[in-house]
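Both counts, for ligands and for their atoms, begin at 1 and track the order of listing.
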Amino acid sequence: MSFTNEVLEYVRKFHELGSEVKKKYYSRDFKKKVVYISNFDLYKAPSVDWRDTLYLIMAPKPPQPEELPQVCKESIMEHSNQVKELGIKLFELISEGLGLNKNHLKEMDCAEGLYVIARHYPFCPQQNLTLGFSSHTDSGFLTLLLQDQIGGLQVLHNNHWVDVPLSPGALIVNLGDLMELITNAKFKSVYHRVLANNICPRISVAFFFRMHLQENSNSRLYGPIKKLLSEENPPIYREAIGEEIVACRYTKGLDGIPLLSHFKLNACPSNQIV
Ligand SMILES: O=C(O)CCC(=O)C(=O)O
Ligand SMILES: [Fe+2]
C-alpha cells in the first residue's frame, strides 16, 4: 500500500473505533502529545463545525509508543519522519526562493515541531446549516495536507470559494500565517474551508510545521526577516514571540478576523472575512 493510502487507512480505523476506546484520549489540554477532540474552539465558535480530530505531536519529541493509539502505533513514527524530511526540503527551497541561505528557515525552527492532525468529518444530516471546517488560515509556517476521495476542501481565490481538485496520493502544500509574517507578506497564507456533506464521512490528515512550544517554551521572537526588508519594503508586521502568535488562534478561535491583523503595524484588527 502507498504511504498516503496507509496513513488515510489507519486514521479512518482510529475514527471508526467505538467511543469507549477513543474516550481515553479526550482532552482540551493541548500540551498533551495525543489528544482526541471535536472542535478546538467549541466554546467560542458561533456554530459547531462538523468534525472530530486526533492530534499527535510527533516532533521534536514524539509520544512513547504506548501513548499512541494501537491502530497507528506501528507506522506513524516512520511516516512522520518521511514527512519531516519532505518538509525540510520544502523549507530549503522556500529559503532559496526568498534569496536566503538554504538553511535559513530551518535555523528559525520552522520545522522544529511536527503536528499530525488527523480529521474525520462525519456524515452531516443538515449540511446546509454548518461546515466541516469554517474559513481559516493555518497558523503555522507550512502544512502538508492529505485528503481522501470525498472532496469538500475549498480555497478562497479572488473572493470566490474554489474547489480543490482531488488528486489521489497528492499532498497539498499550504502556507500559514507564520510564513506570511516572516516573509513580510511576500508569501501569503491562504483562506480555506471544508464543506460538510450528507453523503459520506471524509478523512484528511494535516502535517503541520511550526516551532515547538511545549515544556521549555520557545520564547524566540518572530517578525519579518531583516534581509527581506528595505526602504521600499518596510515591515508590515511587528515582532512577537512564537507563543503569542499561536496562542492568539487558540484564545480567539476562528472568529473571522485575520489572525495576522493582531500583529499588523499601524492597523487595527477590523477586516472581517467571509
Ligand atoms: O480537512 C481538510 O481538508 C482541511 C483541514 C484543515 O484545513 C486543517 O487541518 O487546518
Ligand atoms: Fe487548515
**Q** Ligand 1 versus L145, non-hydrogen atoms closer than 4.0 Å: side chain, backbone, both, neither?
**A**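 Answer for L145: side chain.
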**Q** Between Q127 and N197, does any side-chain donor sit less than 3.5 Å from a side-chain acceptor?
**A**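 Judged by distance alone, the side chains do not pair up.
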**Q** Report, in ascending order of atom number, the atoms of ligand 1 lying under 4.0 Å from any heavy atom of A206.
**A**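 Under 4.0 Å from A206, ligand 1 has these atoms: 9 (O).
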**Q** Can you name the atoms of ligand 1, numbered from 1 with element, that are less than 4.0 Å from a heavy atom of R119?
**A**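 The list of qualifying atoms is 8 (C), 9 (O), 10 (O).
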**Q** At under 4.0 Å between heavy atoms, which part of D138 makes contact with ligand 1: side chain, backbone, both or neither?
**A**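 Side chain only.
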**Q** Could you find the nearest protein heavy atom to atom 3 (O) of ligand 1 and give me its residue, atom name and distance?
**A**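 Among all protein heavy atoms, the one nearest atom 3 (O) of ligand 1 is R202 NH2, 2.8 Å.
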**Q** Quick check: Q147 and ligand 1, any N/O pair under 3.5 Å apart?
**A**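 In fact, backbone or side chain, Q147 has no N or O that close.
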**Q** Centroid separation under 6.0 Å, is that true for the rings of Y115 and Y55?
**A**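 Not under 6.0 Å, so no.
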**Q** Which of the atoms of ligand 1 are close to V194, meaning less than 4.0 Å from one of its heavy atoms?
**A**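 Once the distances to V194 are compared, the set is 1 (O), 2 (C), 3 (O), 4 (C).
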**Q** Strictly under 4.0 Å, does any heavy atom of R51 approach an atom of ligand 1?
**A**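 Judged by the 4.0 Å heavy-atom criterion, R51 does not count as contacting ligand 1.
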**Q** Just checking Y36 against Y26, ring centres under 6.0 Å apart?
**A**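 Yes - the distance between ring centres of Y36 and Y26 falls below the 6.0 Å cut-off.
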**Q** Could you please spell out the steps behind the side-chain hydrogen bond (donor to acceptor under 3.5 Å, both in side chains) verdict for D49 and S134?
**A** CA-CA 7 Å; D49 282 353; S134 302; 2.7 Å; yes
**Q** Nearest 10°: the angle subtended at the Fe ion (ligand 2) by D138 OD1 and H192 NE2?
**A**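 Rounding to the nearest 10 degrees gives 90°.
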**Q** Check whether F133 forms a cation-pi arrangement with R51 (NZ or CZ under 6.0 Å from the six-membered ring centre, at most 45° off the ring normal).
**A**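 The answer is yes, since R51 meets both limits relative to F133.
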**Q** What about the rings of H79 and Y10, do their centers lie closer together than 6.0 Å?
**A**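 Yes: the rings meet the under 6.0 Å criterion.
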**Q** Go through ligand 1 atom by atom and flag the ones less than 4.0 Å from a non-hydrogen atom of Y121.
**A**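 This gives 1 (O), 2 (C), 4 (C), 5 (C) as the contact atoms.
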**Q** Using distance alone, with no hydrogens and no angle criterion, decide if R119 and T53 have a side-chain donor and acceptor under 3.5 Å apart.
**A**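 Their side chains do contain a donor-acceptor pair, which is all the 3.5 Å distance test asks for.
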**Q** Have a look at F208, F133, F207 and point out the one with the heavy atom closest to atom 8 (C) of ligand 1.
**A**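 Ranked by closest heavy atom to atom 8 (C) of ligand 1, first place is F133.
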**Q** Taking only non-hydrogen atoms of R193, do any sit less than 4.0 angstrom from ligand 1?
**A**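 Contact absent.
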**Q** Out of all atoms in ligand 1, which are within 4.0 Å of some heavy atom of S204? Include the element for each.
**A**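 Those atoms are 1 (O), 2 (C), 3 (O).
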**Q** Kindly say whether V190 contributes a backbone atom to a donor-acceptor pair with the side chain of H192 at under 3.5 angstrom?
**A**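 Confirmed, H192 side chain pairs with V190 backbone.
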**Q** Please step through side-chain hydrogen bond (donor to acceptor under 3.5 Å, both in side chains) for the pair D177 and S139, ending with a clear verdict.
**A** CA-CA 5 Å; D177 292 324; S139 55; 5.7 Å; no
